[in-house]
Amino acid sequence: MRGKLTEYFFLLSAWFFVFSHLTLRSGMDYHFREIEDKWQRFWAEDNTYRVENTTDKPKYYVLDMFPYPSGAGLHVGHPLGYIASDIFSRYKRLRGFNVLHPMGYDSFGLPAEQYAIQTGQHPAITTETNINRYREQLDNLGFSFDWSREVRTSDPSYYKWTQWIFMQLFNSWYNLETDKAEPIDALIARFKSDGNGSVGAVCDDDVPAVSAADWASFSERRQQELLLKYRLTYLRESNVNWCAALGTVLANDEVKDGFSERGGYPVEQKKMMQWSMRITAYSERLLRGLDHIDWPDPLKEMQRNWIGKSVGAMVKFAVEPSAISHRPSADLFIEVFTTRVDTIFGVTFLVIAPEHELVKTLTTAGQKDAIESYINQAKKKSERDRMADTKTVSGAFTGSYAVNPFNGDKVPVWIADYVLAGYGTGAVMAVPSGDQRDYLFAKHFELPIVPIIDIQNIETEADPTKEGHYINSGPINGLTYKEAIPVLHAKLAELGAGYAKVNYRMRDAIFGRQRYWGEPVPVYFKDGLPYLIDEKELPLLLPEIDKYLPTETGEPPLGRAENWKYQDAYEYELSTMPGWAGSSWYWYRYMDAKNDGEFASKEAVAYWKDVDLYIGGSEHATGHLLYSRFWNKFLKDLGYVNEEEPFKKLINQGMIQGRSNFVHRLIDEEGRGTNTFVSNGLKDTYDTSAIHVDVNIVQNDVLDLEKFKEWRPDFGNAEFILENGKYVCGVEVEKMSKRYYNVVNPDDVTARYGADTLRMYEMFLGPLEQSKPWNTNGIEGVFKFLRKFWKLFHNDKLEFSVSDEEPTGAELKSLHKIIRKVEEDIERFSFNTSVSSFMICVNELTELKCNKRKILRDLVVTLAAYAPHITEELWTLLGNAPGTLSYAQYPAFNPAYLVENEFAYPISVNGKMKMNLNISLSLDETEVRSVVLSNPDFQKYLEGKEARKVIFVKGKIVNVVV
RNA sequence: GCUCGGAUGGUGGAACUGGUAGACACGCAGGACUUAAAAUCCUGUGCCCUCAACAGGCGUGCGGGUUCGAUUCCCGCUCCGAGUACCA
């Protein structure tokens, strides 16, 4: 304790030294460090931003995507969204809302585990360290988070409820009749009374028909097996992305080009028993829900594409028996999904995926070698290879034929890797006249191409249009597309050959990882079947293990836990939940973060309802944001929450890219680097190579030569060829990363300029949604602005001095312009323009030498959301109680102060601006017309010509047409 | 390939529903203050022509169009960024 205290004082005095040094150096009177420390401490001690769940104020929920606490700490790009959301939260508070603005950590994840593997350090320990560092950095920026509601997904008190939600999913099925999830008990009751024949449910494809009598006769085991086919989370043998190097399974969106997104290791397809989430049950609701939420259109579009709804039909093609030697049954069919049944008479062959289950059956003896070699070749191709040559046509004939149910034509069955096993039925009916891939395939293998529409042009490529009238198409000849569809659907039903069907691209989400640092799945196995542990035993704690690696037998790390058994008898599930588990419901936990009896109380959920504003990156479009909507809908179906959609409005903040600096090193004749460096403007006259240089020793692209020599002692005696006495560095925009020496730590910026400057500067940089490179070139301007603002309240002797005189019209006008502007800008998330307007306002008031209390008081409130520290300080200097600024009232805008009676009309001739004329705004069109035309200065623009027409827009423009 | 964004001075950007393009800031140049520097303040700064002022011409990626008037709307193109990947 004593040691800590001494350390504290030492640090404090060190700070004061740095601080007073800075002050003396710059001679400034705005002591940001002192002010910011003081108020950050005050807010923490005062619990200024603690929020209650019960008030008579309207609620407003502002959420940031919580961070994964990485070892690298925050860089200057991370806080961009947090600053915006903080400004918005503070503004809403000033508008009388009860604002929930929490923060927490998505603290389960791979990097901590990878670090544990390397160092043996428990991930919980490194995670804790990283969180503390993040917290310190966040605190430095003056955010108004209610830290009493902090959540950490890796904390047992939190993952207890993640596990609980998993249990609810396990205990639920999706009823298509009511179009919602329901308790599994209701399904069991149906089985008991009627069997499963009448049950409309989302379930596995291979569910057998079961009568009530069957069900009653089933063993416990068979009953459980059947139920598992209906549960919303279920075990399934699925093709997973297996990454041998990571010893784990990756989700589709974690694999890029056949390699793991993290680490870049090769990924192969492997069959494995996996927990899955039946998100497909919600496809339609996830799609429809997008129409009712205020999200950026590109983001919604991404989700729509991901869900990938297509309306079409299933059509069965009977396999022609003759050719097949070893036919297992008489009624063998190939089922295809098509969005163009209308082209069925143009089918000249079928194509099935190389992995299709019928491939073996359909291959005739004569084609066996060709098919096998093609399959082997397809297997060897990595996804990257397949992507690289989309133009190459490949495939093999099985030797079998199928029969077109509509006209009885025999068509050959081929295999080709352009047909994917995982989509639709893994088989397509090929219509070369209407589909370009089919067309290329037919041309390549010399298969027939049959035109089916009269105006179709298939000379050089397929024509997919639906215009015109059908030909060569039996019953639909002469009909248009619209007329043909009902005829075809009727025919399909009549023939028993198919039915209309809606297909989705989205697949069920795999919900398990062969990893340690994640939520344990609250399941144990008895006779090879999964059972939930008792709810009272939650949380199922993550056990200690000796090493964070898979076991020797290839089991996940949890297999190493000693004596880790349910009731000392049954094996627990050894995989853990994926990264997105904890983040799929966290916004509810913030509502009632400490509740030990529920994930959040009914009252809290009823009060806060949903997130009004969510700010985060668009990279989560098809992961986190889709899973969260899924879990939210599920929780609503069971009555635990009240809203169909969790995030009413969403804003994507752009990425802050790094801005790298280079020095240009002179190269000698042999191509070796020398000890001489050339300034950027002169580099083209020499042979040079560029070397990254730490951006922190560069200011406005000018290199600090001494610091450079210090930074790279190996260049301690470097020589420089300067331009205008300076060494100018080269510049490039790259990812912000340690290896480019372009990482800027917000702590360094706040040490130099303060948090208020950093906050305003990040906003000043440009529109929130836009990605932009970080550079500090303009930060001085924002810093100067704050000092000017401070000066308004102080006299020449740097004493606080405001006057109680009545404000003038000009002063009131300036104030009310900014009151309106900030209001408008914040509501449309245009924070950058507000900062400019604040500068204009302070420039105007400085010009007017305004230090009137009545003006400055309101200005302080208006600026409070952007620069909370300096405004708190001035607010108390103005005589208000400390801490009350956050809950003050945003000043009311009074348009009366902005009324003008004159306007400097731009006068243009033929649309080109020529001059300005001050004209009273009370004049109407004819009066203005005569004022302009009779103005002597204006005559010369007419050049003696007649004014043919005068366009007049009141308060805007006068345009004279000659 | 498809989908969605974007392109404005030396730089970041502004111009909200078609109405004075370049606000605000950085940078740069010049000046004041200072022994000097820092800080601060003042002036100028889209490009071209002009000694300069006045005046003029050009100008929002490129080419057209609609309009009294286009950075803004329409058509075609170029380039950059993001997402997606043979989806039947």
Side-chain angles (χ1 to χ4, degrees), chain A residues 24-29 257 296-302 304-306 308-310 312 336-340 343 351 383 386-387 389-393 416-420 422-431 434-438 440-441 503-505 618-619 621-622 652 654-655 657 700-702 724 731 733 761 764-767 769-773 775-782 784-785 787-788 791 824-825 828 830 832-840 843 904-916 940 948-953 955-962:
Chain A
L24 282 177
R25 217 187 95 244
S26 58
M28 71 196 168
D29 44 332
D257 307 338
D297 285 329
L299 199 89
K300 287 195 200 178
E301 206 48 38
M302 272 153 90
R304 284 194 191 102
N305 291 339
W306 188 264
K309 180 180 184 173
S310 49
V336 303
F337 174 73
T338 177
T339 54
R340 292 291 303 271
T343 63
V351 186
E383 272 191 42
R386 284 174 73 174
M387 266 166 44
D389 55 274
T390 58
K391 304 238 151 51
T392 316
V393 178
D417 63 8
Y418 80 83
V419 175
L420 306 175
Y423 182 76
T425 61
V428 302
M429 54 179 230
V431 184
D435 182 284
Q436 186 58 19
R437 282 159 316 174
D438 296 347
L440 290 173
F441 197 87
N503 202 39
Y504 297 92
R505 187 181 90 105
S618 60
E619 66 271 21
T622 49
N652 287 131
M655 241 188 315
Q657 295 144 311
N700 291 333
D701 295 332
V702 175
N724 306 325
V731 176
V733 173
Y761 182 61
F764 188 60
L765 226 40
E769 297 93 329
Q770 214 164 60
S771 283
K772 54 230 155 191
N775 75 79
T776 40
N777 287 355
I779 199 166
E780 291 283 347
V782 174
K784 258 188 238 172
F785 155 75
R787 278 183 296 182
K788 266 187 171 171
K791 265 196 182 160
E824 286 171 355
D825 284 353
R828 63 189 173 110
S830 175
N832 54 325
T833 48
S834 288
V835 179
S836 303
S837 304
F838 277 123
M839 290 173 172
I840 294 169
N843 287 347
Y905 277 97
I907 314 297
S908 44
V909 175
N910 289 338
K912 292 215 185 258
M913 217 283 276
K914 296 294 178 187
M915 63 186 294
N916 285 99
K940 62 180 168 194
R948 279 197 300 154
K949 197 173 165 191
V950 176
I951 310 283
F952 171 72
V953 183
K956 285 261 156 86
I957 200 164
V958 177
N959 185 18
V960 180
V961 186
V962 297

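We name chains A, B, ... by the order of the sequence lines, and we start the count at 1 in each one.
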Residue list, salt bridge (charged side-chain N to carboxylate O under 4.0 Å, His left out) with [X], at least two apart or on another chain:
{"X": "A:D825", "value": "A:K821, A:R828"}
{"X": "A:E301", "value": "A:R304"}
{"X": "A:K914", "value": "none"}

Closest to side chain of [X], choosing from [options]:
{"X": "A:K949", "options": "B:G13, B:A85, B:C68", "answer": "B:C68"}
{"X": "A:N843", "options": "B:G57, B:A25, B:A88", "answer": "B:A25"}
{"X": "A:K788", "options": "B:C68, B:C41, B:C24", "answer": "B:C41"}

With a 4.0 Å cutoff (strictly under), does any side-chain N or O of [X] reach OP1 or OP2 of [N]?
{"X": "A:N777", "N": "B:G10", "answer": "no"}
{"X": "A:N832", "N": "B:A14", "answer": "yes"}
{"X": "A:R787", "N": "B:A39", "answer": "no"}
{"X": "A:Q436", "N": "B:G1", "answer": "no"}

Residue mapping more 5' on RNA chain B - nearest nucleotide basis, A:E301 or A:G424 = A:E301

Heavy atoms only, 4.0 Å cut-off, all strands: where does [X] land among base, sugar-phosphate and nothing?
{"X": "A:P296", "result": "nothing"}
{"X": "A:E769", "result": "nothing"}
{"X": "A:F764", "result": "base"}

Only counting residues at least two apart or in another chain, list the ones meeting side chain to side chain contact (heavy atoms under 4.5 Å, CB included) with A:Q770.
-> A:P767

Expressed in whole Å, how much space separates the C1' atoms belonging to B:G31 and B:U50?
-> 25 Å

Rounded to the nearest angstrom, tell me the gap between atom CZ in A:R437 and atom P in B:A88.
-> 7 Å

In whole angstrom, what separates A:N910's CG from B:C68's P?
-> 11 Å

Listed pairs, N/O of protein and of nucleotides 15-21 of chain B, under 3.5 Å:
none

Do any N or O atoms from the side chain of A:Y905 and from the backbone of A:G955 form a donor-acceptor pair under 3.5 angstrom?
-> yes

Just label B:G57 as syn or anti from its O4'-C1'-N9-C4 or O4'-C1'-N1-C2 angle, using within 90° of 0 for syn.
-> anti

For RNA chain B, which consecutive runs of 3 or more Watson-Crick or G-U pairs (each distance under 3.5 Å) count as stems?
-> B:1-7 with B:78-84, B:10-12 with B:24-26, B:27-32 with B:40-45, B:46-48 with B:56-58, B:61-65 with B:73-77

